[in-house]
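I have placed the structure first, in the form of structure tokens, so that the comments after it can refer back to it.
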Amino acid sequence: MPQEQQPRPEPLDPPMVPIAVAGLIGWAVAGLVLLLFFRDWLTAHGHENWLWTCLAGFLWGFPGLAVMMRHDANRRRRRAATARQG
């Protein structure tokens with residue numbers, strides 16, 4: 001006798017904008033901490049590129065934020081369409 005299959009759970013679809021904002025804040029805080037408290041150490045050990053990495057992460061966060069804003073807008077549209085059908 002075949003077993004009855006369990007219904008599949010709905011996939012997670014959380015809002016993504018807060019995640020993108022958290023990433024932007026994380027890169028900004030990391031860069032500022034390095035710049036304010038560890039700049040001499042970074043220079044002495046040849047790690048100035050860490051500051052550039054933080055800057056790049058922060059700046060790349062803005063296109064990511066734009067994509068996540070579009071994703072969340074589409075998510076709201078999908079959920080509204082599903083609510084109207086049901």
Side-chain angles (χ1 to χ4, degrees):
M1 191 179 227
Q3 285 185 330
E4 229 178 277
Q5 286 188 355
Q6 297 268 334
R8 290 186 176 186
E10 289 292 319
L12 294 177
D13 193 15
M16 300 301 287
V17 169
I19 296 169
V21 170
L24 276 166
I25 292 170
W27 281 114
V29 167
L32 287 173
V33 166
L34 288 173
L35 185 64
L36 295 175
F37 300 110
F38 295 100
R39 184 160 188 173
D40 294 336
W41 184 88
L42 292 173
T43 303
H45 292 88
H47 294 303
E48 297 94 353
N49 59 338
W50 290 10
L51 293 170
W52 291 109
T53 301
C54 290
L55 179 64
F58 179 74
L59 293 177
W60 274 107
F62 286 105
L65 178 62
V67 169
M68 294 302 106
M69 289 171 72
R70 186 179 321 151
H71 174 272
D72 282 356
N74 290 337
R75 176 179 165 268
R76 283 190 296 275
R77 263 188 246 117
R78 280 193 314 268
R79 287 188 174 190
T82 304
R84 279 187 297 232
Q85 290 175 354

Where the side chain of Asp72 meets the backbone of Pro15, is there a donor-acceptor pair that is under 3.5 Å apart?
no

Which residues satisfy the ring pair (Phe, Tyr, Trp, His ring centres under 6.0 Å) test with Trp60, sequence neighbours excluded?
none

Which residues share a side chain to side chain donor-acceptor pair (under 3.5 Å) with Asn74, sequence neighbours left out
Arg77

Rounded to the nearest 0.5 Å, what separates atom CD in Glu48 from atom CG in Leu51?
8.0 Å

Under the side-chain contact (heavy atoms from CB on, under 4.5 Å) test, residues paired with Leu59 that sit two or more places apart:
Leu55

Which word best sums up how the rings of Trp50 and His47 line up, parallel for under 30°, tilted for 30 to 60°, or perpendicular for over 60°?
parallel

Filter on side chain to side chain donor-acceptor pair (under 3.5 Å), then keep only pairs touching residues 11-20, sequence neighbours left out; what's left?
Asp13-Arg78

Sorted by chain and number, sequence neighbours left out, side chain to side chain donor-acceptor pair (under 3.5 Å) with Arg75 holds for none

Which pairs of donor and acceptor atoms, one on a side chain in residues 20-45, lie under 3.5 Å apart (sequence neighbours left out)?
from  : atom 1 : to    : atom 2 : distance (Å)
Trp41 : NE1    : His45 : ND1    : 3.3
Thr43 : OG1    : Arg39 : O      : 2.9
His45 : ND1    : Trp41 : O      : 2.9

NE2/His71 to CG/Leu65 distance, rounded to the nearest 0.5 angstrom?
13.5 Å

Could you tell me which residues satisfy side-chain contact (heavy atoms from CB on, under 4.5 Å) with Pro9, sequence neighbours excluded, listed by chain and number?
none

Sorted by chain and number, sequence neighbours left out, salt bridge (Lys or Arg N to Asp or Glu O under 4.0 Å) with Arg70 holds for none

